[in-house]
Structure formats: structure tokens, C-alpha cells
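Below: the structure, in C-alpha cells.
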Amino acid sequence: MSADPLHVLANAGKGQSTRTVLRVIILCLIAAAAIASRLFSVIRFESIIHEFDPWFNFRATKYLVANGFYNFWNWFDDRTWHPLGRVTGGTLYPGLMVTSGAIYHALRTLTIPVDIRNICVLLAPAFSGLTAFAAYLLTNEMTTSSSAGLLAAVFMGITPGYISRSVAGSYDNEAIAIFLLVFTFYLWIKALKQGSMLWGALCALFYGYMVASWGGYAFITCLLPLHAFVLICMGRYSTRLYVSYTTWYALGTLASMQIPFVGFLPVKTSEHMPALGIFGFLQLLGFLDYVRSAIPGRQFQTFLWLFTGGVFSVALAALVVVTSAGIIAPWGGRFYSLWDTSYAKIHIPIIASVSEHQPTAWPAFFFDLNFLIWLFPAGVYLCFQQLADEHVFLVVYSLFGSYFAGVMVRLMLTLTPVVCVTAAVAASSLLDTYLSDKSPNPEEYHPEDSNDATSKKAPKAGLKSTNKPVVGIYGFVSKGVIVSAMTIYLLLFVLHCTWVTSNAYSSPSVVLASKMPDGSQHIIDDYREAYQWLRQNTKEDAKIMSWWDYGYQIGGMADRPTLVDNNTWNNTHIATVGKAMSSSEEVSYPIMRQHEVDYVLVVFGGLLGYSGDDINKFLWMVRIAEGIWPDEVKERDFFTPRGEYRVDGEATETMKNSLMYKMSYYNYNTLFPPGQAQDRVRGSRLPEVGPTLNVLDEAFTSENWIIRIYKVKDLDNLGRDHASAAAFERGQKKKRPAKRRGTRYLRTE
Amino acid sequence: MAKSRNVTPAPAAAAAAAAAATTAQPAAPAAPVAATPAKKTTAASKQNWDQLFNNLVSYYQDSTPQRTKLIDAFLAFLAVVGVLQFVYCVLAGNYPFNAFLSGFSATVGQFVLTASLRIQTTEANKADFPSVSPERAFADFVVCSLILHFFCVNFIN
Amino acid sequence: MKTSAVFSAALSLVALVSPSAAKSTTALLTPPQVFKNTNLVHVISVEKNYVKENVNVLIENISKEPQDEYYLPFTADQVSRLGGVEVKDRKDASAGPFSTQTVELDPESDTLYLRIQLPTPLKAGVQQTLGITYYFLDAYKPLPASIKQDDIQFLAYSFSAYLPSAYATLKQKTEVKFPSSTIPDYTRLPGSGDVKEFPQKQGSKLTYGPFTEQPAGAVEPVQVRFEFNKPVTHISELQRDIEVSHWGGNVAFEERYTLYHHGANLSSLFNRVKWTQANYYNPTTHALKELKFPLRIGSADPYYTDVIGNVSTSRFRSNKREALLEIKPRYPIFGGWKYPFTIGWNSDAKNFVRATASGGYVLNVPFLEGPKQVEGVEYENVRVRVVLPEGAENVKYHTTIPEISITDASVVIHQTFLDTIGRTALIIKARNLVDDFRERELVVSYDLPLAARLRKPLVVFGSALVVFVSTWVLGSLDFSFSSKRK
């Protein structure tokens, strides 16, 4: 079947088995390369959980491993969202934790007791190996050229677009979800091609697993019906489509409803309605198909129009009515932001404040996909040439994925697999054509090409004519030029991937690295310094208030209750924290007392020049607080009359009085000679007199000042307000000898 | 058998309509959907419809093997159960929603699986399924049904 | 089977305050007055963050019969903090440490006794010089209890100017050694003889006495307060794992510390500016900044982690002459603060394990390898676990740690990587140790039959074989499933 010229010399039986062995070895090597290229951070730093969300997943996994599955399922976490708590078991996608828990126990029974942290850290790379394999399988369904599958596996294994979310330590849902995504698609194609219930059921099972793992499952939920719909519109309805789709939908929907977090969503929200609609539509088509085979064509025409038209219009009307009546929930906010990119910014600042929800910048495509991005259209074009059912899928996926990737940075991930597959198809067809050392022989290629077109409906005539000129490459020079150019591109791609992975995606962000003057690596470990301090030297149930970004980390590393965290489910609560941070002390103090806050944690990069600090995020806090209390917090007040966001002497009074500003710069000027205090992030000189804090005490500041922790003062013993108490104390210190007696006398009288 | 012969096409249509109606959810009862084709057809020529119907029945009687008719009977039963469940839900409310949902999806799921089995075992569709023999189809059917009912039982609590 | 016998014997020997032992000494409420202390020198050293007391006493049997049990009284509180008791004959170094045991004579009273078993009964009227050494952990009270970050820390220690003794003492004196000569406060007592007032101060040493004859049980509480501007490092729990691998030719050490600072608390919260500035001028501080672990030469691959991952602030200097691991905590540790951490390292097995002529093996490792600090380190609970290879049997141990410190020893099975029956692990628990015992040895002897040594590779090979065969069988079965199904 394969026209791979390298093995033409080998005899048939032997060639087949050697090729299988070779292919297995190559796939293993690809998986190894995929895993190895994700280990930069482990080698450079250590085996550590990265960033923010993974810390929660890690904490949940530890809970699962320690308390068993049923407790995990019913886990109510009172250490987050104080005082609300969170029904964690019912509000997460458990797939990731259950996977690593299962691996943990499996290894235990194999008497390999690996630390759960190491399993969590290495889960993403391990699954990336599987993803490469899944990409290989998916591509093999698309083309007969086996080199395409291997190329796709390589691309999938090392493309930065995927590595960005699957480096070692990036223990997030995407770590397993991308594998599941690709594999579900593979199973779908397989089911569709064979029209087999079993494959459909497998597809549904993996879809269920995907639902259990990632909120992005909606992508599959929308893409498969879309594919089916496009096929139907193209007049490609077949019983195979009926079997595979209905099996997938019936089982997959049930499977997805097993997840508490998803629950009834599949029958209640608009995102899931296309799948249901197509399901119903396919029933009609199935019935019509049967009727068509039973009665003569002309009668059927009438029957068809009346029947379909009636049913469809009624169904559509009912859908509209039900949606507007509110029985089916309208589209979620995140989905609106997919249609209208400025929607979130206007209506839901909390969603817009997440950096990965921003629209993708153009260079990101080249950065994440390199030369695949221009092979991608070529691959899609090649799909059009063959255009069997599975190629339609690739085309639909490409369009759908490209749109979403353009809208949201995060969704670049879902685009990456199809880019890899199509690019591999394009690259392999280039290489297959140009690498052939035999002089091309149209007759030899002809029967193979007609084998390729498995679908009887694939239009044949037009395709052959476009295929032939490509085959007709005779000159060695042109072959050499193209092949070497391709080789150079492939090599550059590898270099680019390695470079991107090592420089852009391998920082744990919990630990920062800097170079010493002598070139050695210096590790800045302020986050963990402060978290460890919190963990060891504060009360077990001391409530920590911080901006939500650090909620998961505090929960995971410092093991202390937090007010808000990265599971941004309660906008009001976050806005409360935002208000406390952006208001003056007198306003903030009652808020903090109300929420029983013991410590306040801020991130301050001014000393080190660390730009991801709270002052730079401050405007989001203000905006989110303003969304709830438009009268009390106003974004405008934080800008100077000239519209600048400043922190130096010319900052606005509101800014200077805000708790966040005070906490960030408290005592900072004492580190410098008078008047020399400098904020290295914003490059501004700070006022000579630093802010005073009345309701908070500085409790801990990390070595490089990145984390500053303040303790909330108790109510004053004498019933004074904090400002006067603090002022009294300061005054007393200065003028102690003279004043002290005076006040004493006053008191005693 | 005669009874089932007459009945089969209609429930199939009703089931399809019911399935389509789930798109619309409870507010849209099954009745109007099922009624639609009938009403429209009366508007068209009556003779045309009769002829069509007769053709259908005769085709069914002539070319359906006995085993497939058994499957059809099961399909009809499922369709009736589905409709009953739906009507109950509309009339008596859907209070234990997972119970209703799992019951209903079990019926619908079983219906589509059985329909798939029917499709795959039909001689006429042989060409569409080069890799699925009728025995394989039955094995698939059993496996899928097991999965389906496992999920339903799990979901019903 | 044999090992358990050995251990039950060991256990009964080392049992602390065992009620059965107390009952066996009949219904005595106080020790019989059969000795008198002719001369007694009590040296209290408060130079480190634990108290080391050394009592040299010349005892005389004043009864008619030969006596072999000498009692030393302690309060119950003292006993809980008492550790490392060693008793020797001052005149005869070869006699080795005497066996000691704490006993409760009177259940009503707060007083417990340390019973010293003389190896040979002392005949009537004969004298013997005992050298008794013991340590008190957690002995000080910071005074003032909370200080500023850049203040100097003072500690106070209360004791009795006369050694509480169960017997009458003819002549005694108490010397207190301090880390520095700054001793702002100490209790003054009226002098005797030609000395007007006790104590006498000579540099960093205070001397109370000599005192004239005191009856049994006489006490004279005194308190000294002295400068100790160093961390009071207290390790409440040390878990030390030693894992021996014959196949890897490796001995792996891992130690998990739960460290506290028992010095003066901070009166105001931690101030980073002050700390940075103080560090710049580098004065001594009462905060713990660094720990130094001199490891055995040949130690390699050290790691230093805590519960949230690797701590990057460590240095390891390894060459032919030393293997020094220097670690810095994530944050400076002030009074009342806590810092648990883990360190570990590997070493070549040939540095520690020797094969004996009879076919067994002997493992000789240090019992403790904690940090070596100028100010000293005290350990409240120590648990040493020696994980021997799978199938090791006939495990016996011997240690030069004072017998009375060891509270428990047992042999358990420890399941870990690729184990079928689990590894034999010896667990020794000890209490109230100090870093003076760093050099003490732990010698473990065990047998390892050839079958046990070959088990692991065979099991691994066998299971790999099973996997391959079953894949092959499954592969061929799978084929027949789809085509032959009826």
C-alpha cells in the first residue's frame, strides 16, 4: 500500500515487519523526544509544580490520594473562599487528579512507590508522548503515507504551541486534555470510517474522560456535530454517519453527565444544543433514508420536503422559545467573549483580567507554530484534493480552530493538533514526491491514488489532474533544492522549538532565575520563602487576604485559608478583596475585620524589577471592585489629571491612600539613602517620605521584597481608632521625655 | 406479526420526532411534531399519500427478514416507552431530574443502538460497512448497551 | 526469631521509668541511706544551648553490707528533659559506662531517681569516685522573653547551688561555665569560710562553694542570667533513614528535621530593612542563619528540601579532606519560629559496610550526623531507621549512645521500590540527645543469604518476562476475537 521508496528493495513480507518494528522504534523515540524536551525546568530548577492553577490541582490530588475517591468526590473545602468555602468535589474537573491518583496507586501495587509530586510533575510530559502517538494515528487515518503520521507525531511532540501547556510541572487540565482531544478525534474518524458502534462507544468513553478533564470539552461537543452537519449538507449522509454519531452522542452525553460539575449542562445550555440538534436531525435522516429505499424517487421528494420542513421548523421554533423562556441557559460569559472579543472587557472584567483570555497577537502564531503555520493551509488544500469524510473533518476543524485560536490565547492549544496534522500531510506529500529517487511513472501511481479515495462520493476527475504535475519531477536539481530546503526548515523548526521551550515556557514562575555577574545561575525563591514562613509561623487557620492570583499557591504551599483564589467563581468576593486593596485604610479595615483576615499578602517587584507584581495588576482590582461598587471605587481616581498611572510623588491622593500602594511601599524608602528610593519596575523615584500604615503591621518581607506580608492589627485596647493610636505612639516616641508626664497627669485626673 | 407490520413505520416516525423534540425540551410537547406531517400531507394530494404509504408497507413486508422484524418490534417498544416517559415528564413534572434523564436517555440510547444494529445487519447496507460483519455488529451492540446501562444506573443514583 | 529475643532483652534493659522495675525494689519510698558523698564537684556548663552537668563525687559506703545501687534524685520535669546520662569510674576508665535506670520509688512524690548500678558492689566503708555526666534540654528561659530583632538575647538558668542528693554531702562546690563573661545577674549567697559571698566570678566562670556538710535532699535555688546571642536550636524530631543497598553499592542517608528556635521571641514583627542592614555589618545575631553539616568524607549528591520543594540556598564542599554541607533556611529563624526541612546524601557502601568472616555483614554508621554548630544543637526525639536489603535476617545492633537514651528498638518490614517481601528495617528511637553525641557509632550486623540477594533481579526479570509473554498471548488472542466470533 505504501509507496515509501526507501523500502522498495526489501521483499514484501520482511519489509512489512521491519517497517513495523522501525515505526514502533521511531514512535518510541518521538515520545522520548517529546518527554525530554519538556524537562528543561526540572533540570534547570527542580521537580516542582509550576504557576498557579497547577498548585490547586496538586493540592486536590494530594487530597484524593490521602482521603480516597469518595471523600474527594464530596470534598467541601473550607480553607478557600473564606468564609464561603467551596464545594470542591462538585466544582472541578476530576479527570486530571483521578488520572494521577490512579497512576500513583498502580505504581504502588507494582512496588514502585513514587512520590505523588513527581507523578504530578511528570504527568504532562508523559501524556505529551501519548499525544504524539495519537497524532500519528489521526494522521494515518487521513493519508496513506505513513511518513505523514510520523511527521505529525514529531510536530505534535515538539511544537511550542503544545509545549507551552505541557512542560514538566505544568500540572494542569490541559496536560491530559490535549491527548484526549486528539485521541477522541482519532476515534471519531475511525468510527465514522468504519461505521462501527464499538469505535463510537470508545469515542464516547474518551469524550467522557475529556469532559472529566477539561472545560474545553465543549470544543469537541461543538466540532463533531458541526462535522456531521457539514457532511449532511454536502450530501454525504451515510448510515455509517448515523451509527457513529448516534452511538457517540447517546453514550458520550450520558458519560459527560456523570461529572458533577457538568451535571445537567448537556441538556440545559446552548453550547450543547448543536450536538442534540444534530442527533435529532440524524434520526430524521435515518428514517428518511429508510423511506427512500422503500419508495420511488418522486414520491419521496414530496415526502421529504413536507416531512423535514415541518419537523425542522417546529424544532427550531421550540428551541428559540425554550431558550428565551430560560429553560435552557443562554451562553456563558466566556463563550460570549469568544464571539465578541471586547465583550469581556466591557461586561466581565474578571474574565478579561486573566491574561490567557486575551486575544492572540499575530506573532504568537509564528512563535508557537513556526513553519507549521504556513504548511497548514497547504495541508488543508491537500485535504480538499481528496475530500473524504475525514478530510472534511480536518477542514472543519481547521476553520473552527483557527477562529478560536485567534480569539483567545489559550485556545491556541486546540488549534495546534490540526496544524500539526495538516502540516505533516503537506510536508510528507512534498517529501514523498521529491524524495523519490525513481523517475516518476504515472501508471504506477494511478491505481494507488484510486485506492486512496475510499469514499465513493469523492470527486475524482478534478483531483487527478492537479495531482499529476506534482508527480512529474524529473530533475535532480529541483529535487535536491526542495528536499534540502525542507530539511533546513525542519531543522530550524527543531531549533526554534528547543529555543522557545527553554526560554519561554520552562520557568516555574514560582522560582525565578537570574544570572550572577560570573554567569552562574542565581535562584530567587521569594515566593516559597514567604509561603514557608506563613506555613510554619502563623496559626493553622490564619486567613490570608491576597489578590486571587496567589490564592492557589497560598493554599498549596502555605497551607492557609484564603479569601479568593484562581477559581474565580464568585465575582463579588473578588471585588470585595479588590475594594479592600484599593480603598483607604479606614475603609479597608472594617472589610478585613469582617472577613476575619489575619494577614495580607502583596507582591511587590519594585526592588528587583519584577514586573508581574500587584501594583501592575492593581488597575484590574480597581476595575473589578468598581464593577460592584461604582460609587466607592473609581478607576479615574487612580490616574493623574494627565491620564497617567503613576506611583511616584505625583501619584493621585486616592492612589497614595490605597492600601495596596501603602503596603507595597511601606518602609521601602528606608532601604535607600534619603530621597533615593527607586521603583525599578516602573522606573520612578518615590517620594522621600514613605507611606504610613495604621491598621497593619509589617509581619514578613522576603529577601528580595517580592512578597510582603502584613498582619492586621487587633482592635485597639483603649478603644481608639488605629490612626490616632499609631499617631500617638509615633508622637510619644519622638517627644517621650517631655510629653510623657504631661499625658500621665491628664489621665489621672 | 401483522400488527407490528402495520405499526412499525409510524412509531419510528414518532420516535424520531420525539428525539427531535428533545431538542426543544419539555415546553414543546411531542404531539404537534407528530401531527405536523399528517396535517401537511392532507393538504397535499390524498391519493399520493396513500400510495406512498402502501408502497412503504409492501416494501417492508417483502424485503424485511424475520430477524430484523424482531428488532423492529423492540424499536417500537422503545419508542413507546420513550414517548410515555416524555409525556409523564411533561404532565407530572421532572422532579428527580436525573432519574427522568437517565431513564429517558437509556430509552433513547437503546433505541439508537438498536437502530444501528438494524442498519448494520441489513443486507442492503453491507457495502457501507466493509469491516462490520453482522456478528461483529451484535457484539458491538452488546458492549455498547452494557456501557449505556452502566452509565444510566450510575446516573440514576 | 532470634532477633526478637535479642530485642526483648534490649528493651527490658533500657525501659525508662518502668513500673515493674519500681515495684521490684520493694516498697521503698526513699533510697536507703547507705552512702555518703565525701566530696562532690558539680560542674554546670551553659556554654551551649543545652546544659551539660558533670558531677564528680567521691562516695563512701556507710552501711554494713556491700552496696551496688547509688541513687541520684531528679524532679519529674527534669527527667522529661534529661538525656545522655553516662556514669563512669573516675579512677578506672576501663570499667566502661555503668548501667543506669530511672525509677520511681514514691508514686506520690515528684521526685524520681536515677539508679546507678555499680558493676561491683562497694564493700562497707570503701570509697569510689563516680563521674556522672548528663544533659538537660530546653533548660533555659529567655529573659526578657521577647526582644527586638537587633537586641541581644539573654538566657536564664535556674538550678540548685547544692546538688540535690539522696545522701548527705560533706563537702561540695558548684561551678558554672558561661559562653562569655557577660553575666548581668546571678543569685548571691552568703559565703562561708574565708569567702564573703558566693559565687566567685572568674572570667566566664562562676563558682558557688565550697559548701560545708549538707543533709540529704538539701537545695538552694539560684538563678543565673547570661548573654547568649546565639540561636537556641531545638530539634523536636529528627528522623534519620539509612538505606543500605548491596546491589547499588550505596548507602543513602536522609534526615528530616523539625527545628525550632527556643530563644527569645521577637517583640515586634520581623523587619526586613533592619535585617538587611544588620547583615550588612554582620554582627552576631540570635537568629539562626545557617547550619553546617560535616558529613563523612566520600558523601555525595546531597539534597536539601522542605515540604514545598528544593531549597536553593545550600553549599556543598566535598574533597579528600571534608564533605561539608552548609545550608541556609529559607528565612532567618527567630525565637519561637519553626522550620522543618529534609536533607539527604549518598555514600559508597564500602565506607560503611564490611563482610565478616562468617558470611554476615556489619554496618557501621554514625548514630547522629546532625549540624555542628558553635552554640550546639539539642534533639528531643530521634528516630533512626536502618533499612537493610530485602531478606536480611539475624539483625543485631550495638551503639555507643548512652543506653538510657534509647527508648525503643524494633525490627519491622519496610516496603519500597520493587520489593516482594519487603526490606528488613531496624528502628531505634532515642530521646534527649545533644550534638555531643555526633561521633557515636551505630553498629548493625546482619546476614544476607544468597537467595535473598538474587531475589530482586529474578523477580524483576520474571515479571518482565510475564509481561512480554502475556502481551504476546493477548496479541494472538485479539486477532481471533473479531474474525472467529460466531
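Hydrogens, waters and symmetry mates play no part in the numbers below; they use all other heavy atoms, side chains included. All chains are named by letter (A, B, ...) in the order of the sequence lines, taking the proteins before the strands, and each is independently numbered beginning at 1.
- Heavy-atom pairs under 4.5 Å with chain C were tallied for R117(A), R535(A), E703(A), Q532(A); the largest tally goes to Q532(A).
- When the side chain to side chain contact (heavy atoms under 4.5 Å, CB included) test is applied to D714(A), the partners found at least two apart in sequence or on another chain are R593(A).
- Across K711(A), E698(A), R708(A), the residue that shares the most heavy-atom pairs under 4.5 angstrom with chain C is E698(A).
- Of the listed residues M557(A), R528(A), E529(A), the one with more heavy-atom pairs under 4.5 angstrom with chain C than any other is R528(A).
- A cation-pi arrangement, defined by a distance under 6.0 Å to the six-membered ring centre and an angle within 45 degrees of its axis, is present between R272(C) and F700(A).
- For Y331(C) and Y339(C), the gap between ring centers is short of 6.0 Å.
- At a 4.5 Å heavy-atom cutoff, the contact between N667(A) and chain C is made by backbone and side-chain atoms alike.
- The greatest number of non-hydrogen atom pairs below 4.5 Å with chain C, out of I48(A), V114(A), I112(A), V511(A), is found for I112(A).
- With a 4.5 angstrom heavy-atom cutoff, L110(A) touches chain C only via backbone atoms.
- Of the listed residues N271(C), V311(C), V307(C), the one with more heavy-atom pairs under 4.5 angstrom with chain A than any other is V307(C).
- Here F293(C) and Y304(C) keep their ring centres 6.0 angstrom or further from each other.
- In this structure, no portion of R108(A) lies under 4.5 Å from any heavy atom of chain C.
- Annotation: side chain to side chain donor-acceptor pair (under 3.5 Å) contacts of E380(C) (sequence neighbours excluded): H234(C).
- In summary, the aromatic rings of F604(A) and Y665(A) are positioned with their centroids under 6.0 Å apart.
- The part of E46(A) that comes within reach of chain C is its side chain, from C-beta onward, which places non-hydrogen atoms under 4.5 angstrom from that chain.
- Inspection of the S146(C) and N265(C) side chains reveals no N or O donor paired with an N or O acceptor under 3.5 Å.
- Residue P340(C) touches chain A through both its backbone and its side chain, counting heavy-atom pairs closer than 4.5 Å.
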